[in-house]
Amino acid sequence: MSPEATMTLYGVLAGGAIAMSGGVLATLGILVGMFIQRRRREHKEVRCVVSGWDLTEAMPLGWAACSFEVELFNEEISPTGLRGVRVEFIGNGERPAVGRLRLPASTEVLGVMNLPPQRWERATLHAFFEGEEARELVGFRRADFVGYFPSGKEFRRKIVERKNFVAARKKGHIGQRVYAPWWSKTAARNGS
């Protein structure tokens, strides 16, 4: 066999190996993409936006009330719901103070929030605390909106959090900044 034919044979074999490995990598990429897309479809969630937080405390009377607006979006194509919705006030390592939520025009406790598929649901919710429960709210560190899906999985979103802030001394400025072009600064220093 001539050297030219041998080189041609080796070139064809190397090209075939490269094409085979490229095909295997392309097939592997397609399979990984399909797996990720399937997992994303299966792993839909409920989006939640909480706003309009208000807490009113009347300690001499021994009661407190909180209210907020919640907007929930169900990404799934089937309806779902949240049961046992409540607000939890978490203090310093103690058990949370739990307030059952109500709609504004109702005195009944809200049992279930139905979430239709791929649509926003808005609600204004409030909770009342009396006696010892109201005293437990003093100095709370964090408030959470909590509910449970039909599967039993907990849904929890932070409403508000209080943090300890330390005020630092204001830094003094040594000199005033001049926002002029560099050539005008040079001309001013040279006295021209």
Side-chain angles (χ1 to χ4, degrees), residues 1-55 66-103 109-127 140-166 168:
M1 205 179 220
S2 70
E4 292 84 20
T6 306
M7 292 300 278
T8 305
L9 180 64
Y10 286 147
V12 167
L13 290 177
I18 290 172
M20 286 284 287
S21 63
V24 168
L25 286 176
T27 304
L28 186 62
I30 289 170
L31 291 175
V32 167
M34 287 171 50
F35 175 75
I36 290 172
Q37 185 178 14
R38 182 173 153 215
R39 293 286 292 167
R40 286 191 68 213
R41 248 187 281 129
E42 290 175 356
H43 196 63
K44 300 285 184 173
E45 61 182 48
V46 172
R47 305 260 180 224
C48 180
V49 177
V50 179
S51 62
W53 169 256
D54 185 33
L55 178 66
C66 73
S67 66
F68 58 95
E69 292 181 18
V70 64
E71 297 180 42
L72 298 162
F73 183 79
N74 179 12
E75 289 184 342
E76 294 187 21
I77 58 172
S78 60
T80 189
L82 289 175
R83 63 178 168 77
V85 291
R86 64 186 186 269
V87 62
E88 288 186 3
F89 289 90
I90 301 165
N92 295 327
E94 302 171 8
R95 65 178 181 85
V98 177
R100 299 299 305 233
L101 294 170
R102 296 170 172 84
L103 293 171
V109 172
L110 181 63
V112 175
M113 286 188 73
N114 292 319
L115 303 174
Q118 299 179 345
R119 224 175 40 192
W120 283 99
E121 276 298 307
R122 293 175 178 84
T124 301
L125 304 171
H126 67 271
F140 79 93
R141 185 176 48 81
R142 177 181 167 146
D144 289 343
F145 172 65
V146 182
Y148 293 93
F149 289 109
S151 65
K153 183 180 172 188
E154 183 182 69
F155 177 81
R156 179 179 294 269
R157 289 296 183 266
K158 178 178 68 171
I159 300 172
V160 68
E161 184 173 16
R162 292 180 177 172
K163 295 183 179 183
N164 295 331
F165 293 102
V166 178

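If you read the sequence from its start, that first residue is 1, and numbering goes on from there.
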Give the minimum heavy-atom separation between Ile159 and Asp144, together with the two atoms involved. CD1-C, 3.7 Å
How long is the straight-line distance from CG of Leu82 back to CG of Leu115, given to the nearest 0.5 Å? 5.0 Å
Distance col, row Asp54:CG vs Ser67:OG, nearest 0.5 angstrom, shows 4.5 Å
Residue list, salt bridge (charged side-chain N to carboxylate O under 4.0 Å, His left out) with Glu69, at least two apart or on another chain: none
Just jot down the side-chain hydrogen bond (donor to acceptor under 3.5 Å, both in side chains) partners of Glu71, sequence neighbours excluded, or say none. Arg122
For Val87 and Leu101: C-alpha separation, side-chain torsions, deciding distance, then whether side-chain contact (heavy atoms from CB on, under 4.5 Å) applies. CA-CA 7 Å; Val87 62; Leu101 294 170; 4.1 Å; yes
Is the shortest side-chain heavy-atom distance between Pro117 and Pro79 below 4.5 Å? yes
In this structure, CZ of Phe73 is separated from SG of Cys48 (nearest 0.5 Å) by 13.0 Å
Heavy atoms of Ala127 and Arg100 approach each other most closely as CB-O, 3.6 Å
Student check: side-chain heavy atoms of Val85 and Phe155 closer than 4.5 Å: no
Closest non-hydrogen atom pair between Pro150 and Gly81, with its separation: CD-O, 3.4 Å
Residues that Ser21 engages under side chain to side chain contact (heavy atoms under 4.5 Å, CB included), provided they are two or more places apart: none
Rounded to the nearest 0.5 Å, what separates atom OG1 in Thr80 from atom CG in Leu72? 11.0 Å
Distance-only, no hydrogens or angles: does the Asn74 side chain make a donor-acceptor pair with backbone N or O of Glu76 under 3.5 Å? yes
For the student: nearest non-hydrogen atoms of Met113 and Leu125, plus distance: SD-CD1, 4.4 Å
If the condition is side chain to side chain contact (heavy atoms under 4.5 Å, CB included), which residues does Asn114 pass it with, not counting sequence neighbours? Val112
Under the side chain to side chain contact (heavy atoms under 4.5 Å, CB included) test, residues paired with Pro116 that sit two or more places apart: Arg119, Glu121
Which residues pass the ring-ring contact (aromatic ring centres under 6.0 Å, His included) test with Tyr148, not counting sequence neighbours? none
With sequence neighbours excluded, what pairs up with Glu154 under the salt bridge (charged side-chain N to carboxylate O under 4.0 Å, His left out) test? Arg156
Kindly compute the distance separating CE (Met20) from CG (Leu13), expressed to the nearest 0.5 Å. 12.0 Å
Can you sort out the partners of Arg47 under side-chain hydrogen bond (donor to acceptor under 3.5 Å, both in side chains), two or more places apart, ordered by chain and number? Glu45, Glu75
Going by the rule salt bridge (charged side-chain N to carboxylate O under 4.0 Å, His left out), which residues pair with Arg102 if we only count those two or more places apart in sequence or in a different chain? none
Go through the structure and list residues passing salt bridge (charged side-chain N to carboxylate O under 4.0 Å, His left out) with Arg83, not counting sequence neighbours. none
Result for side-chain contact (heavy atoms from CB on, under 4.5 Å) between Val160 and one of Phe68, Phe140, Phe89 points to Phe140
Output a table of donor-acceptor pairs, distance under 3.5 Å, between side-chain atoms of residues 27-36 and any protein atom two or more places apart or on a different chain; print 'none' if there are none.
{"from": "Thr27", "atom 1": "OG1", "to": "Gly23", "atom 2": "O", "distance (Å)": "2.8"}

